[in-house]
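For reference, positions follow the sequence shown, starting with 1. Only a predicted model underlies this, so the values are computations on that prediction, with no experimental measurement involved.
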Amino acid sequence: MKKTKITSILALALSAMMTFSACGNKSSSGTSADNSKNKTSQEAPTELTVVFLTTGPQPADQALVEEALNKVVTPKINVKVKLMPINFGAAMQQYNVMLASNEKIDLLLTFPNTYQSLVAQKKVQEIGPLLDKYGQGIKDNLGRYLKSNYVNGKIYGVRPLCDMAGGNGLIIRKDIIDKYNIDTTQVKSFADLGNIFKIIKEKEPNLYPLTYGSQGIGFAESVLGSSIDWLSDYFGVLMNYGQELKVVNMFETQEYKDLLKTMRDWYQKGYVMKDVAYAKEDQHTLVKSGKALGYFSATKPGIAQQESAQNGYEMTVIEFAKPMAGSAVFSWVVPNAAKTPDKSVQLLNLMYTDAEVQNLFAWGIEGKHYEKKSDGTIGFPSGVSEKNSGYYLNTSWMFGNEFLSKVWQGNPADIREQTKKFNDSASISKAFGFTYDATSVKTEIAALSNVWTQYKLGLESGTVDPDKTYPEFIQKLKAAGIDKVIAAKQKQLDEWAAANNVK
């Protein structure tokens with residue numbers, strides 16, 4: 001989850017992002033989905049719209065990639081793929097509009113912490129029986145991680161198979177760190193980063209060391225993310241890496257209060273980009289343009305190389321929180337507007353079992369968008385770069401099974417093995433496998449989401465004075481029903497823990 005690009009986004013997200021042991025690498029292409037191709041060979045192919053996330057504009061060669069995909073997919077499952085990438089910064093709002101209007105979407109990648117909400121609002125379809133029939137490859141590869149998508153014994157989506165955990169760290173331009181000989185080994189906690197920001201600000205007074213980890217995502221997700229099991233929707237969480245089954249209001253914890261105090265101090269000292277609460281560009285654009293030097297992100301093996309490719313600068317990672325595998329993950333779902341959910345699951349199964357399909361989604365066309373390098377990785381062909389490539393998403397973690405994905409140049413050739421070890425090293429929340437059913441409090445969650453959206457960027461970026469604004473924020477959360485949501489979540493967690501002998 002990841003927790004990559006699951007992680008800059010996560011961080012984002014957990015950070016986004018901000019948010020995330022072992023990964024399998026089984027290939028089960030001989031599935032019911034494959035066996036069905038002969039039965040449908042005389043029928044017109046079913047067109048499936050696949051909605052996913054991107055950090056840039058619509059790829060110029062999107063149609064060419066669709067054509068290449070369909071040469072592989074159509075003979076297997078009689079499907080034609082239509083790609084619909086949506087920029088991270090605008091995706092949350094666009095998702096809401098598209099789902100509310102019942103726009104035709106056949107597969108959609110959800111954000112962490114929105115999966116259960118979509119289930120509660122009945123906007124996505126149950127796919128458990130379809131996985132039994134058409135998705136055995138998905139089930140084989142995900143193994144025990146499949147349980148993170150169950151809601152009341154039913155499954156409505158599946159998580160990508162990639163880095164299944166995430167830490168937290170600062171992603172920052174390496175040239176600036178090297179220029180001033182900054183010793184990053186002295187950073188033991190989030191607060192220690194202030195010493196680095198102080199040096200940079202003194203040496204480069206016109207630069208801002210810090211911006212958000214993803215447009216619209218608060219700093220709490222990016223800073224506290226890996227030490228919290230968010231339990232689906234932020235409103236009632238488990239602290240201490242999910243090692244205690246006591247659901248608390250994160251916004252009233254000392255950790256959150258300390259975060260607000262620190263961010264306010266940094267903002268007033270000029271460490272945080274001035275218009276951070278209102279900026280419209282994503283974090284990569286802000287770094288490329290020189291408006292900011294770094295941002296918080298979820299961390300994983302290869303994150304420095306991944307973010308360097310996105311930012312146009314070599315980036316370094318300063319980690320300040322260890323990884324955890326929690327319950328909040330990106331997930332592939334089948335929205336209600338999908339008229340052929342069986343075909344959606346068949347396509348999804350190929351993304352988890354067929355390396356050719358996974359790599360077309362992730363990297364485009366070999367020889368045009370990438371080529372093999374001598375060290376076993378892939379990279380741009382001669383004359384092609386990030387700036388002129390017609391298809392460079394750099395988000396292989398999204399598309400089903402990343403362990404089938406080719407490794408991009410600049411990453412270690414053994415990055416997949418490193419990722420497995422990283423997953424093994426992560427703390428696992430005691431609530432892993434618990435899925436919260438928010439149906440009974442969906443009205444309260446909608447109200448709470450509105451409150452947090454109103455306050456989080458201003459408060460968590462330090463733009464507003466928490467001494468004045470924080471009490472008002474807490475009062476509005478109470479009025480919106482956060483205590484009711486926490487009580488409902490605690491009751492379900494207690495019942496799940498008792499049924500599964502978790503203490």
Visitor: Hey, is NZ on Lys274 packed in by over 12 heavy atoms from elsewhere, all under 6.0 Å?
Guide: yes
Visitor: Take Glu314 and Asp175 through the test side chain to side chain contact (heavy atoms under 4.5 Å, CB included) and record every step on the way to the result.
Guide: CA-CA 7 Å; Glu314 185 177 1; Asp175 61 327; over 6 Å; no
Visitor: Has Thr253 got a side-chain atom pairing as donor or acceptor with Tyr256's backbone, closer than 3.5 angstrom?
Guide: yes
Visitor: Counting distance only, does the side-chain N/O of Thr395 pair as donor-acceptor with the main-chain N or O of Trp397 below 3.5 Å?
Guide: no
Visitor: In terms of the angle between their ring planes, are Phe399 and Phe361 parallel, tilted or perpendicular, with boundaries placed at 30° and 60°?
Guide: parallel
Visitor: Test Ile318 against Ile172 for side chain to side chain contact (heavy atoms under 4.5 Å, CB included), laying out the working first.
Guide: CA-CA 8 Å; Ile318 305 172; Ile172 192 166; 4.2 Å; yes
Visitor: What are the two closest heavy atoms between Trp230 and Ile228, and how far apart are they?
Guide: CD1-O, 3.4 Å
Visitor: Any chance NZ of Lys104 has more than 12 other-residue heavy atoms, nucleotides or ligands included, within less than 6.0 Å?
Guide: yes
Visitor: Please step through salt bridge (charged side-chain N to carboxylate O under 4.0 Å, His left out) for the pair Glu417 and Lys421, ending with a clear verdict.
Guide: CA-CA 7 Å; Glu417 289 73 22; Lys421 291 179 180 178; over 6 Å; no
Visitor: Donor-acceptor pair, Tyr267 side chain versus Ser461 backbone, under 3.5 Å?
Guide: no
Visitor: Is it possible for you to check whether Lys322 lies under 6.0 Å from the centre of the six-membered ring of Tyr241, through NZ or CZ, and within 45° of that ring's axis?
Guide: yes
Visitor: Which label fits Phe111 and Phe330: parallel for a plane angle under 30°, tilted from 30 to 60°, or perpendicular past 60°?
Guide: tilted
Visitor: If we ignore angles and hydrogens, is there a donor and acceptor under 3.5 Å between the side chains of Thr377 and Gln409?
Guide: no
Visitor: Do the side chain of Asn450 and the main chain of Ala447 share a donor and acceptor less than 3.5 angstrom apart?
Guide: no
Visitor: State yes or no: are the ring centers of Trp408 and Phe380 separated by less than 6.0 Å?
Guide: yes
Visitor: Are any of the side-chain heavy atoms of Thr419 and Phe403 separated by less than 4.5 Å?
Guide: yes
Visitor: I need the Leu170 CG to Glu319 CD distance, nearest 0.5 Å.
Guide: 11.0 Å
Visitor: Could you check whether any side-chain heavy atom of Ser189 comes within less than 4.5 Å of a side-chain heavy atom of Phe320, counting everything from C-beta outward?
Guide: no
Visitor: Are side-chain heavy atoms of Thr469 and Pro466 found at a separation under 4.5 Å?
Guide: no
Visitor: Looking only at non-hydrogen atoms, find the nearest pair between Lys368 and Pro381 and report the distance.
Guide: O-CG, 3.7 Å
Visitor: Measuring only between side-chain heavy atoms, which start at C-beta, is Val124 closer than 4.5 Å to Val119?
Guide: yes
Visitor: More than 12 non-hydrogen atoms from neighbouring residues, nucleotides or ligands closer than 6.0 Å to CD on Gln93, yes or no?
Guide: no
Visitor: Strictly distance-based, threshold 3.5 Å: is any side-chain N or O of Gln306 a donor or acceptor partner for the main-chain N or O of Gly302?
Guide: no
Visitor: Does Leu64 reach the side chain of Ile365, with side-chain heavy atoms less than 4.5 Å apart?
Guide: yes
Visitor: For Lys174, look at atom NZ and say whether over 12 heavy atoms of other residues, nucleotides or ligands are found less than 6.0 Å away.
Guide: no
Visitor: Side chains of Thr54 and Asn87: is there a donor and an acceptor less than 3.5 Å apart?
Guide: no
Visitor: For residues Phe251 and Trp452, establish whether the separation of their ring centroids is below 6.0 Å.
Guide: yes
Visitor: Is a side-chain donor or acceptor of Glu66 paired with a backbone partner of Leu83 at a separation under 3.5 angstrom?
Guide: yes
Visitor: Apply side chain to side chain contact (heavy atoms under 4.5 Å, CB included) to the pair Leu108 and Tyr95, showing each step before the final yes or no.
Guide: CA-CA 9 Å; Leu108 178 143; Tyr95 278 15; 3.8 Å; yes
Visitor: When you look at Phe296 and Tyr212, which way does the ring pair (Phe, Tyr, Trp, His ring centres under 6.0 Å) test go after all the steps?
Guide: CA-CA 7 Å; Phe296 296 125; Tyr212 45 64; over 10 Å; no
Visitor: With a 6.0 Å cut-off on ring centres, are Tyr145 and Phe432 close enough?
Guide: yes
Visitor: Looking at Glu307 and Val317, would you say the former's side chain and the latter's main chain have a donor-acceptor pair under 3.5 Å?
Guide: no
Visitor: In sequence, state the C-alpha distance, the side-chain angles, and the governing distance for Trp332 and Met351, and then conclude on side chain to side chain contact (heavy atoms under 4.5 Å, CB included).
Guide: CA-CA 11 Å; Trp332 284 101; Met351 293 162 63; 3.7 Å; yes
Visitor: Taking the side chain from Asn359 and the backbone from Lys406, do they hold a donor-acceptor pair closer than 3.5 Å?
Guide: yes
Visitor: Do you know which two heavy atoms are closest between Arg159 and Asn149, and how far apart they sit?
Guide: N-OD1, 3.2 Å
Visitor: Answer with yes or no whether the side chains of Glu204 and Tyr180 bring together a donor and an acceptor at under 3.5 Å.
Guide: yes
Visitor: May I ask you to check whether over 12 heavy atoms, not counting those of Lys291, lie within 6.0 Å of atom NZ?
Guide: no
Visitor: Nearest 0.5 Å, what's the CH2-CZ distance between Trp266 and Phe219?
Guide: 9.5 Å
Visitor: With distance as the sole test, does Asp282 use its side chain to make a donor-acceptor pair with the main-chain N or O of Thr285 at under 3.5 Å?
Guide: yes
Visitor: Which residues pass the side-chain contact (heavy atoms from CB on, under 4.5 Å) test with Asp265, not counting sequence neighbours?
Guide: Lys269
Visitor: Any sub-3.5 Å donor-acceptor pair from Tyr271's side-chain atoms to Tyr208's backbone N or O?
Guide: no
Visitor: Please check if any side-chain donor atom of Ser396 sits under 3.5 Å from a side-chain acceptor atom of Glu402, or the reverse.
Guide: yes
Visitor: What I'd like to find out is whether the side chain of Leu457 reaches to under 4.5 Å of the side chain of Val276, using heavy atoms alone.
Guide: no
Visitor: A quick test of your reading: do over 12 heavy atoms of other residues, nucleotides or ligands sit less than 6.0 Å from NZ of Lys82?
Guide: no
Visitor: Quick check on Glu252: does its CD atom have over 12 non-hydrogen neighbours (other residues, nucleotides or ligands) under 6.0 Å away?
Guide: yes
Visitor: Taking the side chain as everything from C-beta on, heavy atoms only, tell me whether Met84 gets closer than 4.5 Å to Phe52.
Guide: no
Visitor: Can you find a pair of side-chain heavy atoms, one from Pro335 and one from Leu99, that are under 4.5 Å apart?
Guide: yes
Visitor: Please determine if Lys261 forms a cation-pi arrangement with Tyr470, meaning its NZ or CZ atom is less than 6.0 Å from the six-membered ring centre and no more than 45° off the ring axis.
Guide: no
Visitor: Report the relative orientation of the aromatic rings in Phe473 and Tyr455; use parallel for angles under 30°, tilted for 30 to 60°, perpendicular for over 60°.
Guide: tilted
